[in-house]
Trainee: 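Let me give you the structure first, and then I'll get to my questions.
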Amino acid sequence: MKRIAKLLAAGTALAAALLGSAPEAEACTRVLYVGSDSLRIVGRSLDWKNPIPTNLYVYPRGIAKKGHDKPGAVEWTARYGAIYAVGYDGGVTEGMNEKGLVVNGLFCKGTVYVNESTASRPPMSLSMFPAWILDNCATTAEAVDLLKKQEFTISGSDFDGGTASALHWGITDLSGASAIVEFDHGDIRVYEGRDIPVLTNDPPYPDMKAINEYWTKIGGTHMMPGTVASPDRFVRATFFDAHVEKTSDAALGMAIVRSIMANVSVPYTYTEGSANLSATQWRSYSNLRDLRYYFDVVTNDGIFYIDLAKVDLRKGAPVMKLDVSLSRDYVGEANRHLAPSRPFTPMY
């Protein structure tokens, strides 16, 4: 008992040192569930203090795109079709492509994208950055190679009354190769591994791992942190993800990862005397093996999914959109609710 008390005191000091100036406004969680027979499901929650209307767009291959409306911006033609979750119909939050590559963007307030050496590189908007990766890469290794060249400079519009879009990203492919991507004063930091299980928000990923290592020594069967703070969610998600059944059954796998995500979500309308606290608005689940992208709006009666394997992703096929505002009664496969659409207009 004395040992646990000493560890708890040390961990509390560590967390305070790392997080003393961090607000509690940014709360998102990404969890990778690894089953058997190549089943991998990436769950994520989108938590924010104000509603972020989000729709689903499916883009086919072969569409020419640009990363910004500034001169000299990064340009490309999509090699792969993909489904994107698009906030405000203006910016890609996350998505999965037809090769089973998933990119999730989470808030990280310490992010600084640009320095003097990168400022003059070809412009890339945050609204298009995840799409750029998904459109061009089949694997995490390809994405890492693309990013490490850093032949771009990132910028993005403020949102929600002036909030800066400070983000970091988790990338995972069908094989389990994973990467966490962060920007440190303009320099890109990529942390690679296999089946990296969890990403939340602040502090940066190496510091978060140090906090988790402290709690691992205590052991989750004895004690776990229980608040909505980012490190606490990281610890709980990591522990539960490591102590659940490994299955090849997609339905059971979904049930498992949904239960983990429920444990680390912030209750809807949750308040604690602060206007900056963030509640979970929606959760997504990307089944990399079976190419199913699930969407779970917390105010909906059920959960629905797009079967990407059944969508026409050939060059020349139309962009398709699912209007999430109409989805309250959707349950199960929702491909029939996709409708031809104009491309979304990026918030450069």
Side-chain angles (χ1 to χ4, degrees), residues 26 28 30 52 57 59 63-80 82 84-95 97 101-173 178-192 199 201-207 343-348:
E26 312 87 24
C28 299
R30 165 209 166 272
I52 299 180
Y57 284 80
Y59 274 62
I63 296 180
K65 302 177 187 176
K66 59 181 181 179
H68 214 292
D69 59 356
K70 293 180 179 179
V74 177
E75 297 184 4
W76 69 95
T77 298
R79 298 173 60 194
Y80 306 109
Y84 311 138
V86 181
Y88 302 106
D89 268 350
V92 179
T93 301
E94 65 165 29
N97 72 16
L101 183 72
V102 174
V103 178
N104 308 101
L106 281 68
F107 207 92
C108 182
K109 81 176 185 68
T111 297
V112 177
Y113 296 115
V114 182
N115 57 36
E116 289 184 3
S117 67
T118 65
S120 61
R121 297 176 186 176
M124 169 65 71
S125 170
L126 285 169
S127 64
M128 294 299 292
F129 183 64
W132 179 55
I133 299 170
L134 292 166
D135 290 355
N136 287 288
C137 303
T139 65
T140 298
E142 291 180 6
V144 169
D145 288 344
L146 182 68
L147 292 168
K148 283 187 173 179
K149 295 175 184 177
Q150 204 168 347
E151 296 175 343
F152 58 89
T153 183
I154 284 189
S155 63
S157 299
D158 292 345
F159 71 102
D160 196 18
T163 301
S165 297
L167 304 172
H168 58 178
W169 293 268
I171 303 174
T172 309
D173 69 18
S178 304
I180 305 301
V181 178
E182 299 182 332
F183 284 81
D184 179 8
H185 295 87
D187 296 323
I188 193 167
R189 310 290 186 200
V190 181
Y191 308 98
E192 297 180 71
L199 179 65
N201 310 109
D202 298 285
Y205 186 67
D207 294 337
F344 71 88
T345 301
M347 294 168 28
Y348 292 126

Trainee: Side chains of residues 131-141: which donor-acceptor partners sit under 3.5 Å, not counting sequence neighbours?
Mentor:
unit_1: D135; atom_1: OD1; unit_2: Y84; atom_2: OH; d: 2.5
unit_1: D135; atom_1: OD2; unit_2: K65; atom_2: NZ; d: 2.7
unit_1: D135; atom_1: OD2; unit_2: W76; atom_2: NE1; d: 2.9
unit_1: D135; atom_1: OD2; unit_2: Y84; atom_2: OH; d: 3.3
unit_1: N136; atom_1: ND2; unit_2: W132; atom_2: O; d: 2.7
unit_1: T139; atom_1: OG1; unit_2: E142; atom_2: N; d: 3.1
unit_1: T140; atom_1: OG1; unit_2: D173; atom_2: N; d: 3.2
unit_1: T140; atom_1: OG1; unit_2: A177; atom_2: O; d: 2.7

Trainee: Flag the pair C108 / N201 as yes when at least one side-chain heavy-atom distance between them is below 4.5 Å, and no otherwise.
Mentor: no
Trainee: Which atom pair, heavy atoms only, marks the closest approach of A179 to V190?
Mentor: CB-CG1, 4.0 Å
Trainee: So, using side-chain contact (heavy atoms from CB on, under 4.5 Å) as the criterion, who are the partners of P343 when residues are at least two apart?
Mentor: Y59, V319
Trainee: Report yes if some heavy atom in the side chain of F129 is under 4.5 Å from a heavy atom in the side chain of V92; otherwise report no.
Mentor: no
Trainee: Tell me, please, which residues at least two apart from R189 pass salt bridge (charged side-chain N to carboxylate O under 4.0 Å, His left out).
Mentor: D184
Trainee: My understanding is that only residues two or more places apart in sequence, or in another chain, count here; which of them pass side-chain contact (heavy atoms from CB on, under 4.5 Å) with N115?
Mentor: S117, T118, D187
Trainee: Looking at NZ of K66 and CE of M124, how far apart are the two atoms once the value is rounded to the nearest 0.5 Å?
Mentor: 12.5 Å
Trainee: Using side chain to side chain donor-acceptor pair (under 3.5 Å) as the criterion, list what pairs up with K148, not counting sequence neighbours.
Mentor: E192
Trainee: Output every pair passing salt bridge (charged side-chain N to carboxylate O under 4.0 Å, His left out) with a member in residues 85-95, not counting sequence neighbours, ordered by first then second residue.
Mentor: R44-E94, D89-K321
Trainee: Check whether any side-chain heavy atom of W169 sits under 4.5 Å from a side-chain heavy atom of F183, and report yes or no.
Mentor: yes
Trainee: Could you tell me the separation between the CD1 atom of I171 and the CZ atom of R30, rounded to the nearest 0.5 Å?
Mentor: 10.0 Å
Trainee: Taking the side chain as every heavy atom from C-beta outward, state whether L199 and N104 have any atom pair closer than 4.5 Å.
Mentor: no
Trainee: If I take atom CG from residue L106 and atom OG1 from residue T93, how far apart are they, to the nearest 0.5 angstrom?
Mentor: 10.0 Å
Trainee: Taking the side chain as C-beta and beyond, is there a heavy-atom pair between L167 and T111 under 4.5 Å?
Mentor: no
Trainee: Any idea which heavy atoms bring A73 and H68 closest together, and the distance?
Mentor: CB-O, 3.5 Å
Trainee: Just how far is it from atom CZ of R121 to atom CD1 of I154, taken to the nearest 0.5 Å?
Mentor: 11.5 Å
Trainee: List in chain and number order the residues that pass ring pair (Phe, Tyr, Trp, His ring centres under 6.0 Å) with H168, two or more places apart in sequence or in another chain; answer none if no residue qualifies.
Mentor: none
Trainee: For P346, enumerate each residue passing the side-chain contact (heavy atoms from CB on, under 4.5 Å) test, keeping only those at least two apart in sequence or located in another chain.
Mentor: S127, M128, F344, Y348
